[in-house]
Amino acid sequence: MRPLIVLALAPFALAQTPTGAEVYVKACAQCHDVAGTRAPTRDVMKQMSASAILRSMENGVMLFQTTQLTKAEKVAVSEYISARKLGEE
């Protein structure tokens, strides 16, 4: 019976957090990659640390816009934008 349980759970084990690039395209690019908006561009945000970007999503100006993202997605996109891992600031 154990092999059946493992097989039944296999799809959940294969599900992974999307990459930072995937999250950015899905949730951020529509504002941050468009000229003429108040949102800073990705080039401007690259100057920020991953932790500063993450803070803006968890407690700052991006809180409302990122409520649909998981913690792992927020970490992935903050590291993608800054091109640095959290703690490497």
Side-chain angles (χ1 to χ4, degrees):
M1 179 107 29
R2 282 193 172 165
L4 291 176
I5 293 172
V6 171
L7 290 175
L9 296 176
F12 297 107
L14 296 177
Q16 296 180 353
T17 300
T19 66
E22 292 169 332
V23 176
Y24 184 86
V25 168
K26 175 185 85 169
C28 311
Q30 62 269 20
C31 294
H32 291 283
D33 284 356
V34 176
T37 66
R38 294 182 343 170
T41 64
R42 189 172 10 164
D43 287 335
V44 170
M45 292 187 296
K46 274 185 186 176
Q47 299 172 30
M48 299 170 64
S49 67
S51 58
I53 295 167
L54 182 61
R55 271 194 311 274
S56 74
M57 290 187 279
E58 293 186 326
N59 303 309
V61 297
M62 295 304 299
L63 178 65
F64 177 76
Q65 290 85 350
T66 60
T67 56
Q68 79 282 2
L69 299 178
T70 66
K71 172 76 173 197
E73 290 171 324
K74 291 175 186 177
V75 168
V77 78
S78 66
E79 291 178 341
Y80 168 73
I81 293 168
S82 70
R84 290 173 283 201
K85 295 283 186 189
L86 282 173
E88 292 182 357
E89 289 77 53

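Screening residues 34-53 for ring-ring contact (aromatic ring centres under 6.0 Å, His included) gives no qualifying pairs among residues at least two apart or on separate chains. Residue pairs that meet the side chain to side chain donor-acceptor pair (under 3.5 Å) test with at least one member in residues 47-62, sequence neighbours left out, are Ser49-Ser51, Ser51-Glu89, Glu58-Lys71. Within the structure, ring-ring contact (aromatic ring centres under 6.0 Å, His included) pairs that include any residue of residues 51-78 do not occur (at least two apart or interchain).
The side-chain heavy atoms of Lys26 and Leu69, taken from C-beta on, include a pair separated by under 4.5 Å.
With a 4.5 Å cut-off between side-chain heavy atoms of Ile, Leu, Val, Met, Phe, Trp and Tyr, the cluster of Val25 takes in none. Hydrophobic clustering, defined by side-chain heavy atoms of Ile, Leu, Val, Met, Phe, Trp and Tyr closer than 4.5 Å, leaves Leu63 isolated from every other such residue.
Between Ser78 and Ala50, the shortest heavy-atom distance links the atoms CB-O, 3.5 Å. Residues Leu86 and Glu79 approach most closely at N-OE2, 3.0 Å, considering heavy atoms.
Annotation: Lys85, atom NZ; neighbour count of heavy atoms from other residues, nucleotides and ligands within 6.0 Å does not exceed 12.
Between the NZ atom in Lys74 and the CD1 atom in Ile53 there is a gap of 14.0 Å [rounded to 0.5 Å]. For the atom pair CD of Glu73 and OH of Tyr80, the computed distance is 15.0 Å after rounding to the nearest 0.5 Å.
By the rule that hydrophobic residues join a cluster once side-chain heavy atoms approach within less than 4.5 Å of another member, Met48 and Val61 end up as members of one cluster.
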Side-chain donor-acceptor pairs of residues 32-40 under 3.5 Å, sequence neighbours excluded:
| residue | atom | partner | partner atom | Å |
| --- | --- | --- | --- | --- |
| His32 | ND1 | Pro40 | O | 2.6 |
| Asp33 | OD1 | Tyr24 | OH | 2.6 |
| Thr37 | OG1 | Cys31 | O | 3.1 |
| Thr37 | OG1 | Val34 | O | 3.3 |
| Thr37 | OG1 | Ala39 | N | 3.4 |

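For Gln65, the side chain to side chain contact (heavy atoms under 4.5 Å, CB included) partners at least two apart in sequence or on another chain are Met62.
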